[in-house]
Amino acid sequence: MIRAIIIDDEPYCCESLSILLEEYCPEVEVAGIFHDAGDALTAIRKQEPDLIFLDVEMPKMNGFDMLKQLTAINFEIIFTTSYDQYALKAIRFSAIDYLLKPIDSEELQNAVQKVVRRSQNPIAQQLEILMQKINKPSAPISRIALPTMEGLQMIAVDTIISCEADSNYTTLRLKNNKKMVVSRNLKDIEELLEEYSFARVHRCYLVNLNEVEKFVKGEGGYLIMSDGSTIDVSRNKKDELVKKLLHDKE
């Protein structure tokens with residue numbers, strides 16, 4: 001049984017989530033519901049829950065500020081939030097789970113099942129990435145957290161040469177002839193890397209422009225990357241790509 005605490009300043013949201021958990025996630029026991037982050041901190045230290053459902057937007061102290069008050073995170077976290085592009089991007093960078101309000105029962109079940117399958121709580125690097133993006137949302141960071149079949153991997157952005165779509169997964173081609181399959185589709189990866197020097201050159205490919213060695217012209221053409229690999233360029237992406245490559249050389 002997973003002992004969980006719900007933290008949200010809106011009583012209706014807490015009640016709704018509690019009902020969904022009871023109906024769809026019998027493996028979760030709700031050990032407490034708190035509308036105030038300060039009270040929740042006291043409960044976390046005393047009760048040592050396995051999981052907290054944490055609202056991002058709360059008065060006085062939001063969910064991120066609350067986490068800063070804890071010296072150690074020895075529980076799983078699932079954020080609950082209304083749409084907030086800055087908060088969501090920070091959470092995605094850290095690869096910590098989140099649920100958009102109103103919470104969907106199937107998405108809730110999937111998030112809980114991830115908790116059941118995982119053998120470790122969020123690691124320090126995840127929380128470090130999260131706080132970096134929260135404190136400086138417009139500043140690029142050097143690493144992102146990505147889920148793989150083997151677990152969570154911290155990836156240095158500048159080691160990524162290209163990304164290739166593979167259904168709901170993405171294959172990352174890295175420096176030193178390494179490859180990695182991550183449990184995110186290419187659109188998700190593109191959104192994470194949009195503030196870096198990456199460009200979508202094909203419906204199946206995203207490339208690091210800093211790793212382009214040569215662009216070979218053709219109907220669409222193709223790129224030769226720093227590791228010798230070749231990447232096809234879509235005809236409708238060619239002009240935009242050339243502009244970006246020329247801009248980078250100025």
Side-chain angles (χ1 to χ4, degrees), residues 1-137 145 147 152:
M1 186 66 75
I2 298 171
R3 295 178 65 256
I5 284 178
I6 298 173
I7 308 165
D8 195 317
D9 65 298
E10 299 180 23
Y12 171 77
C13 291
C14 293
E15 181 182 357
S16 176
L17 177 54
S18 182
I19 291 171
L20 287 173
L21 287 168
E22 183 177 358
E23 183 172 354
Y24 296 101
C25 305
E27 62 271 60
V28 177
E29 173 195 357
V30 178
I33 295 176
F34 300 91
H35 306 307
D36 178 83
D39 293 339
L41 282 170
T42 301
I44 288 171
R45 292 173 179 132
K46 286 184 177 179
Q47 297 185 25
E48 298 182 351
D50 304 308
L51 167 66
I52 67 168
F53 290 91
L54 180 59
D55 183 27
V56 171
E57 303 91 359
M58 293 187 291
K60 297 181 182 177
M61 187 189 306
N62 67 32
F64 302 126
D65 291 334
M66 196 200 85
L67 290 177
K68 293 177 185 178
Q69 303 300 312
L70 295 166
T71 55
I73 306 293
N74 52 6
F75 48 81
E76 292 276 355
I77 302 167
I78 297 176
F79 287 107
T80 59
T81 180
S82 301
Y83 182 79
D84 179 321
Q85 65 178 27
Y86 299 109
L88 287 179
K89 174 157 282 192
I91 294 168
R92 287 169 178 158
F93 266 94
S94 69
I96 296 175
D97 282 329
Y98 68 93
L99 296 167
L100 280 176
K101 298 178 183 179
I103 294 173
D104 177 80
S105 60
E106 185 175 346
E107 291 179 356
L108 174 61
Q109 287 177 301
N110 290 337
V112 168
Q113 283 307 306
K114 289 179 187 177
V115 171
V116 171
R117 292 193 297 267
R118 279 197 292 264
S119 59
Q120 65 179 24
N121 299 320
I123 58 178
Q125 292 97 319
Q126 278 180 277
L127 296 171
E128 180 183 341
I129 290 171
L130 174 66
M131 295 309 175
Q132 283 180 4
K133 289 305 292 181
I134 288 299
N135 293 331
K136 296 181 179 180
L152 200 67

Checking the side chain of [X] only, and the main-chain atoms of [Y] only, is there a donor and an acceptor separated by less than 3.5 Å?
X      : Y      : result
Glu27  : Met1   : no
Asn135 : Met131 : yes
Arg117 : Val112 : no
Asp8   : Cys13  : no

(request) Carefully, step by step, assess Leu54 and Leu67 under the rule side chain to side chain contact (heavy atoms under 4.5 Å, CB included). (result) CA-CA 10 Å; Leu54 180 59; Leu67 290 177; 3.9 Å; yes
(request) For the pair Glu57 and Thr81, evaluate side chain to side chain donor-acceptor pair (under 3.5 Å) and give the outcome as yes or no after the intermediate values. (result) CA-CA 7 Å; Glu57 303 91 359; Thr81 180; 2.7 Å; yes
(request) Compare every heavy atom of Ile134 with every heavy atom of Ala90, then report the nearest pair and how far apart it is. (result) CB-CD1, 3.6 Å
(request) For Lys136, look at atom NZ and say whether over 12 heavy atoms of other residues, nucleotides or ligands are found less than 6.0 Å away. (result) no
(message) If the threshold is 4.0 Å, N to carboxylate O, is there a salt bridge linking Asp97 and Arg92?
(response) no
(message) For Lys60, is there an ion pair with Asp9 - N to carboxylate O distance below 4.0 angstrom?
(response) no
(request) I would like to know whether Gln126 and Leu152 meet side chain to side chain contact (heavy atoms under 4.5 Å, CB included); could you show each step before the answer? (result) CA-CA 9 Å; Gln126 278 180 277; Leu152 200 67; 2.9 Å; yes
(request) Apply side chain to side chain contact (heavy atoms under 4.5 Å, CB included) to the pair Phe34 and Ile6, showing each step before the final yes or no. (result) CA-CA 6 Å; Phe34 300 91; Ile6 298 173; over 6 Å; no
(message) Please confirm whether the ring centroid of Phe53 lies under 6.0 Å from the ring centroid of Tyr98.
(response) no
